[in-house]
Amino acid sequence: MGGMLPVAAALAQNTKEGSMQKRAIPSTGEMLPVIGCGTYVGFDVTPGSEEYKRLPGVIHTLFEAGGSVLDSSPMYGRAEQSTGELLAGGGDAGKAFLATKVWTRGRQAGIEQMQQSMRLLKTEKLDLMQIHNLLDWKIHLATLREWKARGRIRYIGVTHYTASAYPELEAVMRAEKLDFLQINYSMDEREAEKRILPLAAEKGIAVLINRPFGGGGLLGRLRGKPLPPWAAEIEAESWAQLLLKFILSQPAVNCAIPGTARPEHMRDNTRAGRTLIPPPAFWREPGHAIDV
C-alpha cells in the first residue's frame with residue numbers, strides 16, 4: 001500500500017496494545033469498555049461439559065482485558081444461570097456490567113420474568129434491563145422506570161436485531177427517555193447508519209451492538225481470506241478485530257458484544273478495543289472497501 005493513507009496518518013497512534021478503551025454512557029457519564037461478551041448459544045451449556053469448563057476462561061479473559069459487559073436473556077436457554085454461577089464461583093461479580101432482557105407480554109409476567117433473571121444471575125441489582133424486540137414495550141417500560149427509581153436496575157433500554165423493526169424503534173427512541181439501545185450492526189448489515197445511530201447520538205442514548213459479525217455468516221465468509229494489507233494500519237491482526245473496529249469507528253457506539261464461548265476468541269475480540277480505532281472516514285478511503 002506504500003505507507004499510511006491520509007486519515008490513518010492523521011491519527012495520533014500508539015501502536016502498543018494498551019488498556020481497553022471506554023466511552024461515556026450519555027445519561028450518566030459512566031465510562032463503559034468498548035468490547036463485551038454476548039452469551040447467546042455459547043453460555044447455554046450443561047455444567048460439567050467441556051463447553052462449560054471453557055467459560056470461566058472467557059469471563060476471566062474479558063475482565064483481564066478491561067472489559068465488563070456481559071449480555072444475556074431469558075430466551076438464551078441456560079445462559080443467565082451459567083453467567084450467574086460463573087461470576088459467583090469466580091468471585092468476579094463486582095467486575096461485571098450485567099445486562100439482560102424482558103421478553104413476554106403483560107406487567108405481572110414481565111415482573112416475574114425479571115425477578116427470575118435476577119435470581120439466576122445471582123444479583124439483587126442489574127446494571128441494564130432491556131425490553132427485547134420491543135415486545136409489549138409500553139407496559140414493561142413503566143415497570144422498568146419503577147424499578148430504576150427503586151434502585152433495582154441502573155439503566156433501562158430496548159433492543160432489536162432486524163432492520164425491518166427500525167421504523168417502530170425510531171418512534172420509541174423519539175418518544176421515550178432511554179439510557180440504552182441494543183441493535184444489530186455489522187459490515188454487511190449497515191442499515192443502522194442511516195437513522196438509528198445518528199438518532200441515538202442526538203437523543204443521548206448509549207448503544208450496544210449485537211450481531212457484529214453478521215450473525216456469524218460474515219466472519220465465516222471472510223475467515224479463509226487473507227487480511228487486506230492496510231489492516232496493519234489500524235492494528236487489526238484478524239478478521240474479527242477488523243470487523244469490530246469497523247463497528248467501533250461509529251462514535252455513537254458504546255460497546256460491541258460479540259458472542260463467544262472460547263477464551264482465545266474472547267482474547268482476539270478484546271484486542272480490537274485495546275488498539276487503534278480509526279474514524280468513520282477511514283472506511284471510505286480508496287482501497288478500503290471489502291467485498292462482503
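Excluded from the calculations below are hydrogen atoms, water molecules and symmetry mates; all remaining heavy atoms, backbone and side chain alike, are included. Along the sequence shown, the residues carry numbers beginning at 1.
- Below 30°, between 30° and 60°, or above 60°: for Phe246 and Tyr185 the angle between ring planes is below 30°, a parallel geometry.
- Counting all heavy atoms, side chain and backbone alike, Gln21 lies closest to Thr275 at NE2-O, 2.7 Å.
- Going from atom CG of Leu141 over to atom CD of Glu176 covers 5.0 Å, rounded to the nearest 0.5 Å.
- Judged by distance alone, with hydrogens and angles left aside, the side-chain atoms of Asp127 form no donor-acceptor pair with the main-chain N or O of Arg154 at under 3.5 Å.
- For the pair Gln182 (side chain) and Val207 (backbone), a donor-acceptor distance under 3.5 Å is absent.
- Residues Asp188 and Arg221 form a side-chain contact, since some pair of their non-hydrogen atoms from C-beta on lies under 4.5 Å apart.
- When all heavy atoms are compared, the tightest approach of Ala272 to Leu244 is CB-CB, 3.7 Å.
- By the 30° and 60° cut-offs, the orientation of the rings of Phe97 relative to Phe180 is tilted.
- Put simply, CG on Leu242 and CD1 on Ile247 are 10.5 Å apart, with the number rounded to the nearest 0.5 Å.
- Listed for the Asp71 side chain is no donor-acceptor partner under 3.5 Å among the backbone atoms of Gly38.
- Atom-to-atom distance recorded for Asp268:CG and Thr260:OG1 is 9.5 Å, nearest 0.5 angstrom.
- Taking every heavy atom of both residues into account, Gly36 and Leu62 meet most closely at CA-CD1, 4.0 Å.
- Ring pair Tyr161/His132 is parallel by interplanar angle, where below 30° counts as parallel and above 60° as perpendicular.
- Between the side chain of Arg23 and the backbone N or O of Leu248, at least one donor-acceptor pair lies under 3.5 Å.
- Here the CD-CG distance, from Gln81 to Leu86, works out to 10.5 Å after rounding to the nearest 0.5 Å.
- Relative to the ring axis of Trp239, Arg223 does not place its NZ or CZ within 45° and under 6.0 Å from the centre.
- Within the structure, ring-ring contact (aromatic ring centres under 6.0 Å, His included) pairs that include any residue of residues 40-74 comprise Tyr40-Tyr76 (at least two apart or interchain).
- Of the inter-residue distances, the one linking Ser238 atom OG with Asn269 atom CG reads 7.5 Å to the nearest 0.5 angstrom.
- In this structure, CD on Gln130 lies 13.0 Å from OH on Tyr155, to the nearest 0.5 angstrom.
- Summarising the geometry of Pro280 relative to Pro251, their closest heavy-atom pair is CG-CD, 3.9 Å, with the distance given to 0.1 Å.
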